[in-house]
Amino acid sequence: MDLSYEVKDSYAEITAAGRLNMVSAPKLRDMVAEVVAKGTSRIVVNLEQTAFMDSSGLGALIGCLKAARQAGGDLRIASVQPQVQMVLGLTSMDKVLTSYPSAAEAFGDD
Amino acid sequence: MTEVLARRTMRQAARPQAIEDVHAELDSLWDAASFVPDMDRMTFATAVIEAASNVVQHAVPESTEPVELGVDISVTPARLEARVSAFGAVCPDPIDTDPVMPGGEAESGRGLALIRALVTTVTFKRQDGTNTWILSKSPLHD
């Protein structure tokens, strides 16, 4: 998985391309920790190019959500693809991780 | 005997990198079994990766030799089957046959419940120092 981030005006966008599984999940946690440490706790994870996520990847997203909220911000996800949506639905995590059609819209309302 | 239309097998040290190889085997399998609908590929592949990840994360060696992960996936006209094995592992105890999906705050523990939700049957077999989870999905969607 290729992970990168860009700090925008009011949030940071992390782009995750590839498979979010037990190999890449720790890397996502590290990147969110780095973004939060640099002072941005409003984070959107752009999943447009994430074709696959397993429960390890989901666990990382939940851990990252907690880290962002503990720092006073939030973590939202955007452009969710069908396999990821299926995992979110089967685990009922679609109620916990707020999903937006695009990264730009994730913090567009506040 | 039901005709096996496509089959992939692998066996290697149960390390995280092995999961990427399971993904590659699944992709190769779907190339060889193009009739399998996208929905079945998605659900079955997710279950297989969960089962293989479970071996890599939780299998405990029963000797000084490291645990090996084995994956044997076959496609027949009406059924997908995967045998995911932990070679040289102690028997997991207790074997949770009816796992509950954890709540919202949990960062782990969803794998087995997710497998249950994704496939038709899950069975466990312990033989000769090997733990094998057999996942099957049938019938195939149109």
Side-chain angles (χ1 to χ4, degrees), chain A residues 1-3 16-33 36 45 47 49-70 74-77 80-99, chain B residues 12-27 30 37-59 69 71 82 84 96 99-119 122 135 137 141:
Chain A
M1 161 161 273
D2 291 325
L3 289 163
R19 298 173 180 128
L20 186 50
N21 57 19
M22 68 175 293
V23 178
S24 55
K27 298 172 186 168
L28 177 64
R29 289 178 189 266
D30 290 348
M31 180 163 286
V32 168
V36 170
V45 182
L47 298 171
Q49 297 174 73
T50 303
F52 185 94
M53 178 179 78
D54 63 10
S55 62
S56 301
L58 177 61
L61 279 180
I62 294 164
C64 293
L65 172 67
K66 287 186 204 168
R69 287 184 175 168
Q70 279 166 10
D74 199 9
L75 181 138
R76 300 171 183 182
I77 55 178
V80 174
Q81 300 302 303
Q83 191 274 347
V84 175
Q85 187 61 52
M86 176 190 76
V87 171
L88 291 170
L90 286 172
T91 55
S92 299
M93 283 301 105
D94 48 356
K95 299 177 183 69
V96 175
L97 284 159
T98 313
S99 173
Chain B
Q12 60 177 267
R15 292 188 300 241
Q17 194 55 39
I19 299 304
E20 297 293 351
D21 292 334
V22 180
H23 277 293
E25 292 293 343
L26 282 161
D27 288 345
W30 303 141
D38 287 346
M39 181 60 77
D40 287 315
R41 296 180 189 206
M42 195 167 85
T43 53
F44 191 70
T46 305
V48 171
I49 294 296
E50 288 291 344
S53 299
N54 188 54
V55 169
V56 171
Q57 287 177 310
H58 300 299
L69 167 69
V71 178
V84 178
D96 193 349
V100 176
M101 192 70 77
E105 288 286 300
E107 293 180 37
S108 62
R110 293 186 179 82
L112 291 175
L114 194 53
I115 292 170
R116 251 300 144 217
L118 288 165
V119 297
V122 183
L135 318 181
K137 185 162 180 60
H141 289 281

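Within every chain, numbering begins at 1; the chains are lettered A, B, ... in the order of the sequence lines, protein sequences first and strands thereafter. Quantities reported herein were computed from a predicted structural model and do not represent experimental measurements. All heavy atoms count here, side chains included; hydrogens, waters and symmetry mates do not.
Contacts of A:D54 with chain B are made by both backbone and side-chain atoms, with heavy-atom separations under 4.5 Å. Proximity to chain B (any heavy atom under 4.5 Å) is shown, for A:L61, by neither the backbone nor the side chain. Looking at B:A106, the atoms closer than 4.5 Å to chain A (heavy atoms on both sides) all sit in the backbone: N, CA, C or O.
Put simply, CZ on B:R15 and CE on A:M22 are 12.0 Å apart, with the number rounded to the nearest 0.5 Å. Separation of atoms CG (A:L65) and CD (B:E107) is listed at 9.5 Å; rounding is to 0.5 Å. Atom-to-atom distance recorded for A:M86:CE and B:T43:OG1 is 6.0 Å, nearest 0.5 angstrom. Of the inter-residue distances, the one linking B:R41 atom CZ with A:Q83 atom CD reads 14.5 Å to the nearest 0.5 angstrom. Remark: A:R19 CZ to B:I49 CD1 distance equals 7.5 Å, nearest 0.5 Å.
Closest approach of A:V23 to B:P16, counting heavy atoms only: CG2-O, 3.3 Å. Residue A:S56 comes nearest to B:Q57 through the heavy atom pair OG-NE2, 3.7 Å, listed as atom of the first residue, atom of the second, then distance. Nearest heavy atom pair, residue B:G104 against residue A:M93, reads CA-CE, 3.3 Å.
Ranked by heavy-atom pairs under 4.5 Å with chain B, the list A:V87, A:L97, A:I62 is led by A:I62. Of the listed residues (A:V96, A:L90, A:L58), the greatest number of heavy-atom pairs within a distance under 4.5 Å of chain B belongs to A:L90. Options B:T46, B:I19, B:D38 differ in how many heavy-atom pairs under 4.5 Å they form with chain A, and the most are formed by B:T46.
A heavy-atom distance below 4.5 Å is not found between the side chains of B:M101 and A:S92.
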